[in-house]
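Keep in mind that this is a model prediction, so the values were computed, not measured.
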Amino acid sequence: MLSIIIPAKNEEDYIRQCLDGIYSLNYDQSQIEVIVVDNDSIDQTKNIAQQKGSVVLEVKQGNIGELRNKGAQAANGEIFAFIDADCVPDKDWLINAVKVLKDKTVAAVGSKPEIPETDTSWVEKTWSLMKQIPQKGYTNWLSSSNFIVKKEAFDQVNGFDPALITCEDADIGYRISRSWKMVNDPDVKIFHLREPKTIKEFFNKEKWHGADNFKGLFNHGLKLQEIPSLAFPLVTGASIILFLIGTGLFSFKIMILSLSLFFLPPILQTLKVIKRIGISFKIFPIFFLFTIYSIARFVAIIPIK
């Protein structure tokens, strides 16, 4: 038995496509249970899930990690497949995942969600270049929107940290990978229907994602992969403070130094992408989005409600 767990809150625009994709999988449907954990939706999310034949759990309050934990607690499967309500799985999603999990040393498998093949904006297409991981290999972090994990390993680390608003997937991945292997496999594929299409949406999403970037360190310690996402907001904040100091002192040198510091992280990340895809007209959009990313992640750590 394999349990598919979907946290949801007011997802009537997407959950039907998600469930249609799940019930069309190339997999023995008698070996699947679908659990939708509803977070007090006020739209038709629950009704749609019930009409499709899913088990619906109602959780009035709680962060997304807690919703996933509640789904796991109610699940009967030996494998938990976590997917978000605004995602659609590839038809061979579970077949390919189970192949990887046959290795007794592997606890989890997944891959970063892909953008749909049609109706995508330049923001989605450009940012997807940054997220592209072209080959299969071991990892210690998987997106919780596409996270297939053995119950044994999930229970061993007590699931997701319910206190984290964001970054709960990185946190559980680092904890699981202390004892197990995890695999990034592009063939374990899903499509995200709600990637940011505009600069405003992109900024707000990255601001939200950065909210708990530092909190997870207390659970899993510092990891090399996290350094860029942790350093970016700090460097951006330092450059802004330095610029204000330079402005107050009427110091052109300090202002130039602050601007150089401000643009350093976007330049480094852009060069990293260029190394993989080559030089093209996409350089400037990539650099622009990385700049917005740095600002959003800095805003996320400002202690102002």
- Message: Hydrophobic clusters here meaning ILVMFWY residues chained together by side-chain heavy-atom distances under 4.5 Å, can you tell me if L19 and Y27 are in one?
- Response: yes
- Got L164 and N63 here, is their nearest side-chain heavy-atom distance under 4.5 Å? no
- Item | Check against ring-ring contact (aromatic ring centres under 6.0 Å, His included), W208 and F203 | CA-CA 9 Å; W208 181 77; F203 177 88; over 10 Å; no
- Message: Strictly by ring-ring contact (aromatic ring centres under 6.0 Å, His included), give each pair with a member in residues 50-109 just once, sequence neighbours left out.
- Response: F80-F154, F82-F154, F82-F160
- Message: Any carboxylate oxygen within less than 4.0 angstrom of a Lys/Arg side-chain nitrogen, looking at R16 and D20?
- Response: no
- Query: Going by heavy atoms in the side chains, are I172 and F147 under 4.5 Å from each other?
  - Reply: yes
- Note on the structure: salt bridge (charged side-chain N to carboxylate O under 4.0 Å, His left out) with D40: of K60, K46, K9, only one passes, and it is K60
- Go through the side-chain N and O atoms of D38 and S41 and say whether any donor and acceptor fall under 3.5 Å apart. yes
- Task: Determine yes or no for a side-chain-to-main-chain donor-acceptor pair under 3.5 angstrom, with N184 supplying the side chain and G137 the backbone.
- Result: no
- Decide, yes or no, whether a salt bridge links R194 with D84 under the criterion of side-chain N to carboxylate O below 4.0 Å. no
- Query: If we only count heavy atoms from C-beta on, is the I148 to V98 side-chain gap below 4.5 Å?
  - Reply: no
- Item | Flag, side chain of T105 to backbone of K181, donor-acceptor distance under 3.5 Å | no
- Message: Check whether D185 reaches the backbone of V100 with its side chain - one donor and one acceptor, N or O, closer than 3.5 Å.
- Response: no
- Message: Any donor-acceptor pair under 3.5 Å linking the side-chain atoms of S144 with those of E168?
- Response: yes
